[in-house]
Amino acid sequence: METNDITQRDSFTGRIGIIAAVAGSAVGLGNIWKFPYITGVYGGGAFVLVYLICIAIIGLPVMLSEFTIGRKAQRNAVGSFKKLAPGKPWFLTGVMGIAAAFMILAFYGVVAGWTLEYLGKAVINSFAGKNPADLEGMFGGFISQVIRPIFWQFIFMGLTCWIVLAGIKGGIEKASKILMPVLLLIIVILDIRAITLPGAGEGLSFLFKPDFSKLSAEGVLSALGHAFFSLSLGMGTLITYSSYMGKNENLGSMAIQCTVADTGIALLAGVAIFPAVFAFGIEPGAGPGLVFITLPNVFQQMPGGYIFSLLFFLLLAVAALTSSISILEVVVAYFSEELKIARRNATIMATIAITIVGIPCSLSMGAMSKVQFLGKTFFDWLDYIAANILLPIGGLLIVAFVGWYLGYDKTKEEITNSGKLKAAYLPLFLFLAKFIAPLVIAIVFLHGLGLF
Ligand code: PFF
């Protein structure tokens, strides 16, 4: 495989490899770190319900739209629009996606670095004998340091860069295929421990019993933004990945499988965390530290907790890695195919630039925590702008592109593999893509920003 050659494109090797890579991109810190923490911040069940509705009526059509665009064009996020709509401004959707990728990876690398620190802590058994308050102090003490979190961020970004340099088949597929099922198993074991803790019922009802009085307009926008973030949508990641897919893959069933897997893992993570949050008297709205504070308490309450804590943080780091490589790949494919920079240089340049933007994100937790604008730190702003603004706008443009610009015939051609597949869902998909998804995104978006 020639990764430096910008004219010959890499590709995935088979169906399982593709599903593993797309699911590997989708399943990550978004499911296990961000979903529980924002569910806690936005009040629980009602937020979860809105999130699930967003996944079904918006996430799924956007995912299938990205697959359609990417596989049809066989280009990167920007080049795909240029190829399918030459001379039109649609390619700006891809440019926005590149910007979102930059921002997301900047803070993602920081949180992924935390998982490495926690892996280290698990190895030396530092959770043992600590009470909930100690574990909270441990997390707060760590993220507010200057050097240590940045050190781990650098290590993680270095790993991401290294895998992307190794190319599609060698790196991305192999890692995803083996490790994702193991992660699922660990989470299920944690679920069993969590729901058998005394007082677990309160956590489950927090998670699954909707109380709409707790849900704000910003909460609804965040649920939408998180549907995009969690499914890796709205910025061309899946356009880029599907550009490496073969013409005989069933795009519709792949979209459903990946969506179900991603949503299932987020819910299972919630079930592992909220019963424990209530059992240990942790504040559900504790913020970005929720998982890092809650689960070490759970590990202490289970036989073999040492091994489980080790495996959990190892696999969380790996899940983060299979997502971060997909984000970096968006930028690298663009640099190498559109700007004609050799893949290797593009990868290294992008990694360095993104890592530098990540430094103030890391410092937002300590040294720069007082540097705020409208009550949000630099870290919060990058997350907010990328997930709640750029991804929804990107998603809207992507479904609208398929619904209105590509239209029925071309979409049918791509989705049915030139008539080889049935795709009875096509009218429903196009109805969602043309009307429902764009309308709902627009309303939630304007309402969430307070403009409507
Ligand atoms: N979906 C990833 C997660 O849930 O952790 C994060 C992510 C990957 C977001 C790729 C966006 C993206 F394009």
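Nothing here was measured: the structure is a model prediction, and the numbers come from that model. Counting starts at 1 for both ligands and their atoms, following the listed order.
Checking side-chain atoms of E136 against main-chain N and O of I293 turns up no donor-acceptor pair under 3.5 Å.
The single protein non-hydrogen atom nearest to atom 7 (C) of ligand 1 is F229 O, 3.6 Å, given as residue, atom name and distance. Considering only non-hydrogen protein atoms, atom 4 (O) of ligand 1 sits nearest to A26 O, 2.9 Å. The nearest protein atom to atom 13 (F) of ligand 1, hydrogens excluded, is given as T237 OG1, 2.3 Å; this is a heavy-atom distance.
Cation-pi geometry between K376 and Y384 is met: the NZ or CZ atom falls under 6.0 Å from the ring centre, inside 45° of the normal.
Considering each of S232, A101, S326, S25, the one bringing a non-hydrogen atom nearest atom 11 (C) of ligand 1 is S232.
A salt bridge does not link E249 with R71: every distance from a Lys NZ or Arg NE/NH1/NH2 to an Asp or Glu carboxylate oxygen is 4.0 Å or more. Salt bridge K121/E117: present, at least one basic N to carboxylate O contact under 4.0 Å.
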Walk me through it: do D262 and N31 pass the test side chain to side chain donor-acceptor pair (under 3.5 Å)?
-> CA-CA 7 Å; D262 186 72; N31 307 62; 2.9 Å; yes
Test E337 against R343 for salt bridge (Lys or Arg N to Asp or Glu O under 4.0 Å), laying out the working first.
-> CA-CA 9 Å; E337 290 178 15; R343 228 189 114 88; over 6 Å; no
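The N/O atoms of G30, backbone and side chain alike, include one that comes under 3.5 Å of an N/O atom in ligand 1. Any N or O atom pair closer than 3.5 Å counts here, and L29 shares at least one such pair with ligand 1.
Using a 4.0 angstrom heavy-atom cutoff, Y108 counts as in contact with ligand 1.
Each of the atoms 4 (O) of ligand 1 lies under 4.0 Å from some heavy atom of N31.
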